[in-house]
Amino acid sequence: MAAVKIYGKPISTCTARVLLCLEEVGAEYQLVSINMPSGEHKGPAHLARNPFGQIPALEDGDLVLFESRAISKYVLRKYKESGTDLLKEGNLAESAMVEVWLEAESQQYNPAISPIVYQSLIVPKMYGGTPDQAIIDSSLEKLKKVLEVYEARLSKSKYLAGNFFSLADLSHFPFTRYLMITPYASVFESYPHVKAWWEDITSRPAFKKVSAGMLGS
Amino acid sequence: MASVTVYGTPLSPAVSRVLACLFEKDVDFKLAPVDMAKGQHKSPDFLKLQPFGQVPAFQDELTTVFESRAICKYICNKYPEKGNQTLMGGRDGGLLAQTSVDQWLEAEGQSFNPPSSALVFQLAFAPMFGFKQDPAAIEQNEAKLANVLDVYDRRLGESKFLAGDDFTLADLAHLPNGHILVSKNEDLFMSRKNVGRWWVEISARPAWKKVVEMQNAPLG
């Protein structure tokens with residue numbers, strides 16, 4: 001199969017989500033850099049790929065896609081002959097659980113963790129600004145509540161959707177990877193099953209490869 | 001005989017999203033109320049169904065599912081032959097059609113939902129429950145939502161529905177918050193020609209009208 005093109009940056013969390021899927025299935029891909037500081041993501045060429053002016057976008061022949069979780073599903077479905085099944089679409093109950101925990105990542109985990117990463121890492125490193133500690137503190141409280149749920153879940157189940165690694169686990173990687181290089185990484189210490197899950201999923205070769213392209217590697 | 005139970009109140013946007021899907025798919029269900037005023041959603045029994053203590057939860061003979069968008073997809077996967085067969089992308093399915101639905105459902109979840117939910121809280125739920133409205137939050141979220149609706153307006157100028165020629169889960173997902181927002185400030189949607197056209201069409205669907213009837217039904 002011809003290589004797919006991904007428009008984005010290896011340090012971008014949402015680009016990393018897609019790169020992880022490509023690495024997990026062993027697909028050939030070409031990463032085309034989008035120059036964020038110069039505003040390339042808001043220019044007409046990129047808006048034609050992603051009308052929200054965000055990264056990543058995927059091009060595969062005539063197909064153009066945006067939204068990293070949708071792109072991830074496309075990649076995993078397209079390359080399912082690779083033998084890596086992270087969606088379990090052949091099993092109604094298992095695929096339901098993958099969708100549940102992918103939505104939990106989207107709607108519970110991400111809104112709690114991303115402000116912490118944004119304030120403590122992106123604001124100082126990329127914009128030379130001062131972190132807003134009030135936002136960090138209130139987000140940490142939200143994250144702890146989410147991690148309590150995850151701790152209970154991961155005490156009963158090796159991975160989030162069941163006893164199999166899936167897109168649901170993978171989707172948590174990028175922002176968690178960045179939390180781990182902030183002072184707030186210690187929040188995971190209080191949740192031993194979550195910590196063990198994190199250590200397990202980050203030992204995967206795909207994770208090590210994508211992690212090397214991110215900040216603080 | 002319904003083996004499907006949905007837990008929650010039809011007034012909850014997330015619950016109504018699931019109800020819309022069940023009506024579209026002609027799947028019988030039982031609605032089990034959850035008394036949030038009394039904290040039933042945080043009770044140990046309910047937390048077994050939905051560990052984040054939120055509505056909806058969904059249960060059938062096979063499994064328990066939560067997160068409204070995940071529930072909708074499960075309903076479509078479990079009942080491929082019933083009711084509306086294009087909700088997940090086209091009568092003949094196909095990876096490209098399904099992917100387009102996924103993309104626009106993600107756009108709803110990531111871009112439309114946050115500002116629209118904040119506005120729904122400020123404009124509808126805050127007054128209803130006696131919380132003070134925050135004018136700054138209203139202004140900020142209206143501005144964010146306006147940007148999202150501008151993108152939608154361009155898309156809906158090229159495409160009948162968000163994901164393509166057919167009404168899909170991607171459009172359906174917008175009904176709950178859209179319904180409340182249009183009732184408070186119809187200008188947001190209706191001042192945009194293509195968004196307005198799309199809104200009139202999707203909100204007129206019989207399945208959605210059934211949900212609104214449930215929302216308006218007297219309590220008790």
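Because only heavy atoms are used, hydrogens play no part in the values below, and waters and symmetry mates are left out as well, while side chains stay in. Computed from a predicted model, the values in this text were never measured in an experiment.
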With a cut-off of 6.0 Å (strictly less than), are more than 12 heavy atoms of other residues, nucleotides or ligands near [atom1] of [X]?
{"X": "B/K42", "atom1": "NZ", "value": "yes"}
{"X": "A/M126", "atom1": "CE", "value": "no"}
{"X": "A/Q133", "atom1": "CD", "value": "yes"}
{"X": "B/F125", "atom1": "CZ", "value": "yes"}
{"X": "A/K78", "atom1": "NZ", "value": "yes"}
{"X": "B/Q133", "atom1": "CD", "value": "yes"}
{"X": "A/K42", "atom1": "NZ", "value": "yes"}
{"X": "A/D137", "atom1": "CG", "value": "yes"}

* To do: List the atom of B/L95, the atom of A/R77, and the distance in Å for their closest heavy-atom pair.
  => CD1-CD, 3.5 Å
* Which atoms form the tightest heavy-atom contact between B/V65 and A/A96, and what is the distance? -> CG2-CB, 4.4 Å
With a 4.5 angstrom heavy-atom cut-off, which part of [X] approaches chain B: side chain, backbone, both or neither?
{"X": "A/V75", "result": "neither"}
{"X": "A/V149", "result": "side chain"}
{"X": "A/L63", "result": "side chain"}
{"X": "A/E148", "result": "neither"}

Contact class of [X] relative to chain A, heavy atoms under 4.5 angstrom:
{"X": "B/K78", "answer": "both"}
{"X": "B/N147", "answer": "neither"}
{"X": "B/Y152", "answer": "side chain"}

* In sequence, state the C-alpha distance, the side-chain angles, and the governing distance for A/E67 and B/D102, and then conclude on side-chain contact (heavy atoms from CB on, under 4.5 Å). => CA-CA 9 Å; A/E67 283 299 337; B/D102 280 336; over 6 Å; no
* Result of checking A/I71, A/D60, A/L65 against B/T99 for side-chain contact (heavy atoms from CB on, under 4.5 Å) -> A/L65
* Do you know which of B/E106, B/Q103, B/E67 has the most heavy-atom pairs with chain A at a distance under 4.5 angstrom? -> B/Q103
* Among B/V151, B/T64, B/N77, B/T63, which has the most heavy-atom pairs under 4.5 Å with chain A? -> B/V151
* To do: Please determine, among A/E103, A/E99, A/R153, the option with the most heavy-atom pairs under 4.5 Å with chain B.
  => A/E103
* Asked: Who among A/F66, A/Y74, A/W101 has the most heavy-atom pairs with chain B under 4.5 Å?
  -> A/F66
* Is there any residue in residues 12-25 of chain B with a non-hydrogen atom under 4.5 Å from a non-hydrogen atom of chain A, and which ones are they? -> none
* Quick one: OH on B/Y74 to CE on A/M97, what's the gap to the nearest 0.5 Å? -> 8.0 Å
